[in-house]
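Chain A is the first sequence line, chain B the second, and so forth, proteins listed ahead of strands; every chain is numbered from 1. Small disclaimer: the values here were computed from a predicted structure and weren't measured.
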Amino acid sequence: MKTSFIKYFFRQALTNISDNRTAHLLGVGTIAIAFLIFNSFILAYVNINHWADEMGKSLTMTIYFKGQPQEIEVEELKSELINIQGVTINKFVSKEEAIRSLAKELGDKEGFLKGLNENPLPASLEIVFLKADREDPLPYNIKKRLEKMDIVDEVHYSEEWAGKIEAIMGAIKLIGSVLGGLLFLATLFIITNTIKLTVFARENEIEILRLVGATNVFIKAPFLIEGSIQGLLGGLLALIMLLAGYVTVMIRADFKIGFASLDIVFISPHIAVFLLLMSMIIGLLGSSIALGRFFKA
Amino acid sequence: MKTSFIKYFFRQALTNISDNRTAHLLGVGTIAIAFLIFNSFILAYVNINHWADEMGKSLTMTIYFKGQPQEIEVEELKSELINIQGVTINKFVSKEEAIRSLAKELGDKEGFLKGLNENPLPASLEIVFLKADREDPLPYNIKKRLEKMDIVDEVHYSEEWAGKIEAIMGAIKLIGSVLGGLLFLATLFIITNTIKLTVFARENEIEILRLVGATNVFIKAPFLIEGSIQGLLGGLLALIMLLAGYVTVMIRADFKIGFASLDIVFISPHIAVFLLLMSMIIGLLGSSIALGRFFKA
Amino acid sequence: MVFGMIKLFNVYKNFGPKNPAIVDLSLNIEKGEFVFITGPSGAGKTTLLKIIFCSERPTSGNALVNGININRIKEKQLAFLRRKIGVVFQDFKLLPNRTVFNNVSLCLEISGVQYPIIRKKVHQTLRQLGLSKKERYYPPQLSGGEQQRVAIARAIINNPSILLADEPTGNLDPEITIEIMALLEEIHQRGTTVLVATHSQELLKDTEKKIVTLNKGRIVK
Amino acid sequence: MVFGMIKLFNVYKNFGPKNPAIVDLSLNIEKGEFVFITGPSGAGKTTLLKIIFCSERPTSGNALVNGININRIKEKQLAFLRRKIGVVFQDFKLLPNRTVFNNVSLCLEISGVQYPIIRKKVHQTLRQLGLSKKERYYPPQLSGGEQQRVAIARAIINNPSILLADEPTGNLDPEITIEIMALLEEIHQRGTTVLVATHSQELLKDTEKKIVTLNKGRIVK
Ligand SMILES: Nc1ncnc2c1ncn2[C@@H]1O[C@H](COP(=O)(O)OP(=O)(O)OP(=O)(O)O)[C@@H](O)[C@H]1O
Ligand SMILES: Nc1ncnc2c1ncn2[C@@H]1O[C@H](COP(=O)(O)OP(=O)(O)OP(=O)(O)O)[C@@H](O)[C@H]1O
Ligand SMILES: [Mg+2]
Ligand SMILES: [Mg+2]
């Protein structure tokens, strides 16, 4: 391929864009909106995944004490645990606090607690393993050491719960992939159609180019470049709109689930670049499909 | 307006559609997909509303018995209650069942139940008020009557809970309206753009019509009819696809939240007709906007 | 003061600063006249017809067509004026996606003429122009000369007060040219004001009609 | 066996069952010949040129152009054959959204000619046709005759082996017509095979060239 051709292709693509400015802008707008819908979905998906990950990764361990432990004993244990890499103390719950929170949990069945002659609930200490996963041996080692201590009655490690979170995450990923896939197809369809409509409007131009002896590559290349640019611009616009929406929401709102306030993350630069590349490829594909019917044998 | 004009307008609109078949089909396809996304959202919204309604409307009342009630007494009460319009019996929970389910709820804290020398939990009967709302006096009347009975200790009515459900429903409605509104705007944008692209391709035609002395109405009318038809067909196609998707999902899947299996409803005929009308109006608007620029002073 | 059918006063038309198409042109064409407009390629013949037809506005100067000042014409008025003017465009301007029949009938449909009358008139006009067999064809399926005749048919179908014909025989052979000129003469006899822009020396050779010769936008004869 | 530049054997072209455009036409045009094709409107002149140019395929019969059987030509071959054939289309077929310069340069760009050479050649050709001032115009901004000259410029820019000109002077005044015919003669002298389809009796009057007369798709003279 001579470089003069490549220059011609790009020059022609840009000329076409500026000649058919309105149609081009309409196309870019449509593509942007289609992508915006798709990208919003990706953003929601990324965030749900993020939350699930956060929750899944903070495995908790509850240490139940025998009887009423001495404050000094508890403090000693706390300072010991806090020195272990990856462990945080969440909270100490005394016997009194335990029964109060049980009463709260029971709600209208609280009345039955009156029948008790002594507080049967143990005091407990809850610790959190940051970034641990189910294969990490650390929690198990700690559990063994704690269980040997005199003041400790039982140790519960939230391994099972982690399994549940993982299952939920798996389900979210599956549903998300299916929905995202369908939405992706819809986006692809809207975008190729939009590009087709802009190409069809120039049927006449293609015909004349063939009559003067232009080869298929020569005719197609500027259209393909134009389609790629259109896709890329649409994708970029969609990302900008998404970012603007994200910033607006972040400024106004404070999201909470229960008492934990949730941080909403934006899609990572990697995903952003991927989405841009994808929009360009869709633009390319769209124009390629649109041109197809003019180049049948 | 002479009838010959109206005939001409419709004839011309249909001729245009069949002449520009491919572009028209592309347009209808794009519109259909855009509406499908919007309609899927509406369907999801309708269902969430439906579930929330179901939950909100089935207010429950729990009757706690003194000690261990005789089976015959309970049966008597049951048959009395069941005769009241709008009341259903949900379930009777004996003292043993109550403690078993508490143990389950407590999970890893279950150990503390060992400390009990007698079962402090009361037997209870749960009844449901179908279609009641917070203003309905019936539950309150029944509550009063029950509280006077010898075997009854306490009666809890889930009034507060109903308030919460209503608040959640309100939030869902608000978020849904905002999201739906944005999605509607996106759909509108995609559709008007698509129609604009098909109209722009026929700039030449409009110019020639003006040159032979056709009035604006005469030029516009067939385009507007065509746009309406395009919108209507797109909307219809979207509904059909949605219905097909709905049926497929209903055949394959069985939805549960907890133990209650959820019925997924399709959008009501009223909403369907509304959506169709709306798609037609959007088509009309789209072509009207698209034509705008050809008819500036 | 009595106005002619077409009256131009010191009309200028510039496409851009260094591109005058019509320069200080004044012209008076009476109702029922038959005028040839000639001149070399690019002289401004088409532009002159476009001004009369209000598809280009003069840069300065005034023009009255059928008693209407075209500088102040309104949208709706314009459509009605155009219905009284039949035009054979140099590039035909046929609708490629409508049949020959529909291209011609269009001019009657926009005036709300009833279909049976449309049918009759269109058939008759197409027959006059030797296009009966091509009624159901689309313009791209026609030869150049056939397209030109469709354009003529469309221009004359509703008995316009003014007929503007831009190079109406450029794609026609000598025999058909003679027929077409006879047809234009016939229309002229019925009272239509006719303006024909042409290069053809054949057409101008033996005519007694008024000839306006343009060069570089000015009347030279 | 030696083939001519253009050789047609019993070529038929029907557009639909009752619509023959070319009937049993055989023709042999040698390399370097200059041939006029004439005949009434709808005789099949344009269709004949289209067959030679491979934009219509014959319904039956064979045609050899530059030694290539056009019934069996492949996509890529076709593009290369077309670059050797310059065509002035009856309806010009200019790209409305490219300038005069770009419309003409196109034919060199598709062959990968370097830009400085393109510039020189385009300027020279436009000057020959009196279009130097219109270089940056778009076709819709040109008069009919100017457009026709752009079409001619495009057809001759890359010294084609064959030049097909369909009614190339239909929109041109007598003076420019003489210039254009002189230009075609000059191109012919350089060895190009030239076919000109025309109605104009002016052109045919004093010529010594070969004249092929068509009527209803048949050669009548
Ligand atoms: N829209 C336009 N923009 C710029 N220049 C224009 C435009 N329309 C016409 N012209 C220029 O005005 C001049 C007169 O054009 P016009 O079409 O009136 O010529 P004409 O006498 O009809 O020529 P022909 O016999 O070749 O058709 C030409 O030089 C042309 O390039
Ligand atoms: N695509 C087509 N479909 C149907 N009929 C066609 C088509 N192309 C040409 N014809 C018919 O074939 C006949 C010959 O057309 P052609 O264009 O070759 O005539 P021509 O000699 O060039 O005439 P003119 O001098 O008017 O340009 C005409 O009657 C025309 O209607
Ligand atoms: Mg002209
Ligand atoms: Mg022809």
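- Ranked by non-hydrogen atom pairs under 4.5 Å with chain C, the options I176(D), T46(D), L172(D) are led by L172(D).
- Looking at K45(C), neither its backbone nor its side chain comes within 4.5 Å of chain D, counting heavy atoms on both sides.
- Here the side chains of N159(C) and T192(C) are not in contact, with every heavy-atom distance at 4.5 Å or above.
- Among G144(C), G145(C), S41(C), the residue making the largest number of heavy-atom pairs under 4.5 Å with chain D is S41(C).
- Other residues, nucleotides and ligands contribute only 12 or fewer heavy atoms inside 6.0 Å of the NZ atom of K216(D).
- No hydrogens or angles considered: a donor-acceptor pair under 3.5 Å links the side chains of H123(C) and E135(C).
- Among G42(D), S200(D), G39(D), the residue making the largest number of heavy-atom pairs under 4.5 Å with chain C is G42(D).
- Interface remark: K133(D) contributes no atoms to any contact with chain C (heavy atom separation under 4.5 Å).
- Two residues are said to be in side-chain contact when any heavy atoms from C-beta on lie closer than 4.5 Å; V194(D) and V35(D) fail this criterion.
- Both the backbone and the side chain of N171(C) come within less than 4.5 Å of a heavy atom in chain D.
- In this model, a donor atom of one side chain and an acceptor atom of the other lie less than 3.5 Å apart for N19(C) and Y137(D).
- In terms of non-hydrogen atom pairs under 4.5 Å with chain D, the most contact-rich of G44(C), G130(C), P174(C) is P174(C).
- Proximity to chain D is limited to the side chain of E167(C), based on heavy atoms less than 4.5 angstrom apart.
- With hydrogens and angles left out, the side-chain atoms of Q124(C) and Q128(C) include no donor and acceptor closer than 3.5 Å.
- For E202(C), the part sitting under 4.5 Å from any heavy atom of chain D is the side chain, from C-beta outward, and nothing else.
- Q147(D) is not listed as a side-chain neighbour of Q141(D), based on a closest heavy-atom distance of 4.5 Å or more.
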